[in-house]
Structure formats: structure tokens, C-alpha cells
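Notes for the one structure printed next.
All figures in this text were calculated on a predicted structure; none of them were measured in a lab. In what follows, residues are counted from 1 in the order of the sequence shown. Note: hydrogens, waters and symmetry copies are ignored here, and every other heavy atom, side chains too, is used.
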Amino acid sequence: MAGRRRGRIGGGVEVLDSIYSVVALVFILVACVELGDAATAVDVYRLIQYDIAGVPYGSRLAGLNHHAGASFFAPGADLSRTVVMMPVRELNLTFLREYIISNQPLGGLLLLLPEKVGNRIVGKIKSKDDGLMRNILVELEQLLIHANIPYPVYFAFEDDKINAVLADVRRNDATGQPPMATTGGYKLLVSIPEPKRVSSPTITNIQGWLPGLKGDGDTNQLPTIAVVASYDTFGAAPALSVGSDSNGSGVVALLEIARLFSRLYSNPKTRGRYNLLFGLTSGGPYNYDGTLKWLRSFDQRLRESIEYAICLNSIGSWKNELWIHVSKPPENAYIKQVHESLSDVANELGVTIGIKHKKINISNPRVAWEHEQFSRLRITAVTLSELSAAPELLESTGGLHDTRDSLDEAAVYRTIRLVAESLAKHIYGHQGRNIQIFADNSSLAINPFYISAWLDLLSRAPRVAPFLSKTDPIISSLKKELSDHTVELHVQHETIDGMFSFYDSTRATLNVYQVASVAFDLLLLLALGAYLILLFSFLVLTTRGLDDLINLFRRPPSRKVKAA
């Protein structure tokens, strides 16, 4: 009898152990509800992280694992574990600036840009709303890149998936409760290593040469005219900084000018008595550091042979007026010659060429225009730009607003015509004559399809120098194109000025998980527990009977009872 009872008790213990195992499994499953399949996954682009002379700027973190919110809450609300999702078009820049300056805690910030189509921001800058969006993006970028932000900041493009998540998050926020584990909602997860400093970031300068034709018995070195454009960019999101206008437009103009003169210089009968030097320089946003190192690599004879240089910068969205920026007084003979040559062609095209004189301070490391690096080495140079004033450091260098749709191809075409015709008239001595060397429908006509194709390519290629390798596809493409139109191609690799430091992790994948509240988890647990108890009781009743079921829940007899 005692053995039978011990057998029943032993069997009951085994059954109870099974129940405990099942319940433990249920707890594990419920705990994993928040880590189920992602509701959606989107590409995100991290705010740049960099240092200037050891001073930190930009976003200092990259990993995200917090619940999503759709608004900044009242003072005192704990948002240290909340990622605020905010469309840029609805952003209150004043509030955001105050929030950042006051160092308010925040788990992360996800800024939603206008819908992305073909690597462009939809909407050409024509309407009032488009112009407003452009101004918001410009102001937003300057706020973010000049602040030290101790939490992750990402950009994403609005689409159906992210908009659906945003709508749900806003409905949850409407309850007035901040997102947390007890309220459910969405969790945003970015799993990437913490950013590391980019070791020895390089800049690459590309140089092409078209030698002029010397006369018989002429042993003197021919004068040289340089056409230069900086091709790299800088912006709040390095992976989105394509700089279609700044300075993709300048690069495309240089390539087309090189193509036009390569056709003239390929025939000894039409080759001019000037050498033409074409330079695609890097490090433009960083005080034109690449231009300085490129110029310092010249031997003394080449440097002295340069009659003047024309630097092309942001020439893709002007209407009727273009500016020549100079360091030497406008009365200087060479400056006056360049201005008059460009003005003559401008009059033929029905546009205006203005001139801006800005002295340089040799002791000041800030270089506002590319021609200033030439001037520091006593080389006459000008910058041709649609900008009437020098931008501040890291401004107008290819930000979020500077996309293909912000360009006017007609402006690029006019600039090419202006520079090419003025150079040709100077080289061939046709000043003051009503001669069009690159006339439309001629064999030397400017090719609008070539211009459009290169603008498209550069508008898809982010070109932030510290994140470009020496063999990056866009650098290889520029080298190949310039080598097709020039001879003696030369490539120079240098390191960016040591005062600038950059950090990696510029893009990632954001996983959005829909999570249930703790109350739902507990309710689910209770329902599963009740179901398992009922199932177990039913199985015991049908196999062993009511007595065995009752005995399972009775208190085991004490040792004294067993001994008796």
C-alpha cells in the first residue's frame, strides 16, 4: 500500500516537473514577444561625427534600441529611452535648437526626409513650398553639424512603410503616455558597432594636361591656363551628400571644357600656343587643403608659367548673374583681362558678370574660396560662382538640399559656354571679335547629353572625402574621363589636414519591431497557464481517474505519519 502511494506521489512529482518546464517555456516565449519579426526594415543615414582641433561635433553614438515616440514632450518627461520620429517638413527648428543647446536627454532622433525617388528628393525647387523645404534643410544641417549631440541621430526617407509606423506611433502618443515597456508600441533597433575614428583619411587630386604648340625654334616655355574644380562634398549625412550643384556642376563644366579643347588640341593646325592644365581637387570643404597640396607639388617652372587659373564653384542654379571672386584688386592687369574676356562673352549671352574683391589674410587658416590657395602662392586666380558672398566653414558644400532636382542644366550649359568661349578668344587672339568657336550645331558644339549624363552620375555619388577610398568608383570614373580628354594624367594622394578627424558608420539598417505592452503579456500568460492546467486535468482524469488528480494537489504526508 505504501509502495503504491509512493508510486502515485512519484508520478505526480514527474507531472508537476513537466508543468514547471512548460510554464518556464511560456515565460521565455512571452519575454521574446518584443524580439519577434521586424514590422519593417528601412535604410537610415547617420548624422556625421567629426572633430575640429579635438572639439567634437555631430552625433557621438550609433546604436539604437529604444521605443519610438513622435513628439517632444513637456519639460520633465523622461525621453532618455525614446527615439523621437519627426518629419523634417513638420520640424520646429527653434524648439529643436533649444532642446539640443540645453542638453536634454534623448534616446535618439530619427528625421524623416521627403520621399525618395531615384536618389533624389522629390520636387524641383520652383514652388514656394519647395523653397521653404530647401531653407529648412539648410538651417537644419547647420544646426546639427555645429552641435555636439550625445545620442544617435539618423535620417530616413518617408515611404509607405515608415509613414504607417509613424501614424501608429502618433496614435499611441495621443494617449498622453510616453512610450515604454508597459505601454507597448514600436521599438527601433540599429545594431552596428560604435563608430571608430577613420585612420589617415585620404584626399585624391586628379590632374590632366593639354600641351600647347610651340613655334619653330621657340625654346621658351609656353604660358599655362588652369581650369580647376573641387569635386568632394560635406553634409549632415555623408551617405547622402551628393552635392549636385556644389560642386558637381563645377566638375561637369570642367570635364566638358576639357572635352571641347581636346578636340581643338588634337589637331596641330588648331592647337593654341597655351598649355591647358585641368585639376580636379579634393579637400574643398576643409579649407581647400587638397588644392594647396596639389599646388605645392608643382615645380617652380610650372608654377611660374601659370598666367591665371579659373576655379569653378557652384555654377548650376544661377539665372542672369554670375560672380568673379578675386583676391587681387580688380585693377590688376591679369584680373582685368579675365574679367573683360568673360564680360564680352556674357554680353553676347545676355547675362551679367559681377566682380567681388576680398583680400586674404595669410595668418588666417580659413580659406573661403579655392582661388585663395593660388593667391597665397602668388598665382593669379579667380573663382567663378553663383554665390555672391563667401560661405562660412562647412557651408554650401553639398548638403541634403543639394540634389539633382535643385539644378538648372541651362545654367551649367551657359557657364560652359561662357568659360570655353572666353578661353578660346584669349588663346587664339579673337578678343573683341564676334566669333563663336563653340557655336551650336557645329562640330565643336557643347554636348547637352554629355552634361546631363554626368550630372546624373554625380548626383548619385556621395563624395565626402574621408569616406572615399583611393579606388572608389567615382574617383576611377573621373580619372578615366579626364584621361580620355587630356595627356599626362597625374593622380596625387594626400592626407587631410590633421585638424579634422572623422568617424565611420555613416549608414545602417533600422529594424522596426511592433511590441505588446506588459499587460498584454501578462494576460497572454494567464490564458496559456489556464489552458495548460485544464488540459493537464483533463488528461489525468481520462487516464488515472479523479483520485489521482486530487492526490496531486494534496499536501504530502509528514515524516512522522510515514514512520507510523
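Side-chain polar atoms of Thr383 and Trp323 form no donor-acceptor pair below 3.5 angstrom. Side chains of Ser317 and Asp245: a donor on one and an acceptor on the other come within 3.5 Å. In summary, the side chains of Ser501 and Arg197 do present a donor paired with an acceptor at a separation below 3.5 Å, with no hydrogens or angles considered. Checking Asp232 against Ser230 by side-chain atom types alone, a donor-acceptor pair falls below 3.5 Å. Side chains of Glu321 and Thr352: a donor-acceptor N/O pair is absent below 3.5 angstrom, by distance only.
Within 6.0 Å of NZ on Lys358 lie more than 12 heavy atoms contributed by other residues, nucleotides or ligands. Residue Arg366 places its CZ atom among more than 12 non-hydrogen atoms of other residues, nucleotides or ligands, all under 6.0 Å distant.
Counting only heavy atoms from C-beta outward, the side chains of Val242 and Leu458 never approach each other to under 4.5 Å. Side-chain contact between Leu384 and Leu322 is present, with at least one heavy-atom pair separated by less than 4.5 Å.
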Side chains of residues 446-453: which donor-acceptor pairs under 3.5 Å do they make with residues two or more places apart or in other chains?
| residue | atom | partner | partner atom | Å |
| --- | --- | --- | --- | --- |
| Asn447 | OD1 | Phe449 | N | 3.0 |
| Asn447 | OD1 | Tyr450 | N | 3.3 |
| Tyr450 | OH | Glu481 | OE2 | 2.7 |
| Tyr450 | OH | His485 | NE2 | 3.4 |
| Ser452 | OG | Glu409 | OE2 | 3.3 |

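The aromatic ring centroids of Phe500 and Tyr286 lie less than 6.0 Å from each other. Here the two rings, on Tyr265 and Tyr274, have centers that are 6.0 Å apart or farther. In this structure, the ring of Tyr57 has its center less than 6.0 angstrom from the ring center of Tyr50.
Leu111 pairs with exactly one of Leu144, Leu400, Leu47 by the side chain to side chain contact (heavy atoms under 4.5 Å, CB included) rule, that one being Leu144. With respect to Ile360, the side chain to side chain contact (heavy atoms under 4.5 Å, CB included) criterion is satisfied by exactly one of His371, Lys328, Glu372: Glu372. Of the options Gln207, Gln373, Gln492, a side chain to side chain donor-acceptor pair (under 3.5 Å) to Trp294 is made by Gln207 and by none of the others.
Taken from CD in Gln49 to CG in Asp51, the straight-line distance is 7.0 Å, to the nearest 0.5 Å. In this structure, OG on Ser327 lies 7.0 Å from NE2 on His357, to the nearest 0.5 angstrom. Here the CD atom belonging to Glu139 is positioned 7.0 Å from the OG1 atom belonging to Thr94, to the nearest 0.5 angstrom. The line from CD1 of Ile149 to CG of Leu143 is 6.5 Å long, rounded to the nearest 0.5 Å. Taking OG of Ser396 as the reference point, atom CG of Asp402 lies at 8.5 Å (rounded to 0.5 Å).
By the 30° and 60° cut-offs, the orientation of the rings of Phe467 relative to Phe502 is perpendicular. Relative ring orientation between Trp369 and His325 is described as parallel, the plane-to-plane angle staying below 30° on a 0-90° scale split at 30° and 60°.
In summary, Lys319 and Asp408 engage in a salt bridge, as defined by a charged side-chain N under 4.0 Å from a carboxylate O. Note on Lys293 versus Asp289: salt bridge recorded, some NZ/NE/NH1/NH2 to OD/OE distance being below 4.0 Å. Look at Asp504 and Arg46 and you find no salt bridge, because none of the NZ, NE, NH1 or NH2 atoms lies under 4.0 Å from a carboxylate O. A salt bridge does not link Lys425 with Asp344: none of the charged nitrogens is closer than 4.0 Å to a carboxylate oxygen. A salt bridge does not link Asp472 to Lys479: none of the charged side-chain nitrogens sits closer than 4.0 Å to a carboxylate oxygen.
For Arg376, there are no side chain to side chain donor-acceptor pair (under 3.5 Å) partners, not counting sequence neighbours. With sequence neighbours excluded, the residues satisfying side chain to side chain donor-acceptor pair (under 3.5 Å) with His493 are Thr204.
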Kindly indicate, with the supporting measurements, whether the criterion side-chain hydrogen bond (donor to acceptor under 3.5 Å, both in side chains) is fulfilled by Glu307 and Thr380. CA-CA 7 Å; Glu307 190 170 293; Thr380 301; over 6 Å; no
Step-by-step ring pair (Phe, Tyr, Trp, His ring centres under 6.0 Å) determination, Tyr288 to Phe374: CA-CA 10 Å; Tyr288 296 97; Phe374 287 82; 9.9 Å; no
Let's go through His426 and Tyr308 carefully: what are the C-alpha distance in whole Å and the side-chain angles of both, what is the deciding distance for ring pair (Phe, Tyr, Trp, His ring centres under 6.0 Å) to 0.1 Å, and is it a yes or a no? CA-CA 12 Å; His426 177 68; Tyr308 63 86; 5.7 Å; yes
Give the C-alpha distance, both sets of side-chain angles, the deciding distance and a yes or no for side-chain hydrogen bond (donor to acceptor under 3.5 Å, both in side chains) between Thr397 and Ser246. CA-CA 6 Å; Thr397 52; Ser246 177; over 6 Å; no
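With hydrogens and angles ignored, the 3.5 Å screen pairs a side-chain donor or acceptor of Ser241 with a backbone N or O of Gly398. Between the side chain of Glu370 and the backbone N or O of Cys311 there is no donor-acceptor pair closer than 3.5 Å. Remark: the backbone N or O of Ser385 is not paired with any side-chain donor or acceptor of Asn313 at under 3.5 angstrom.
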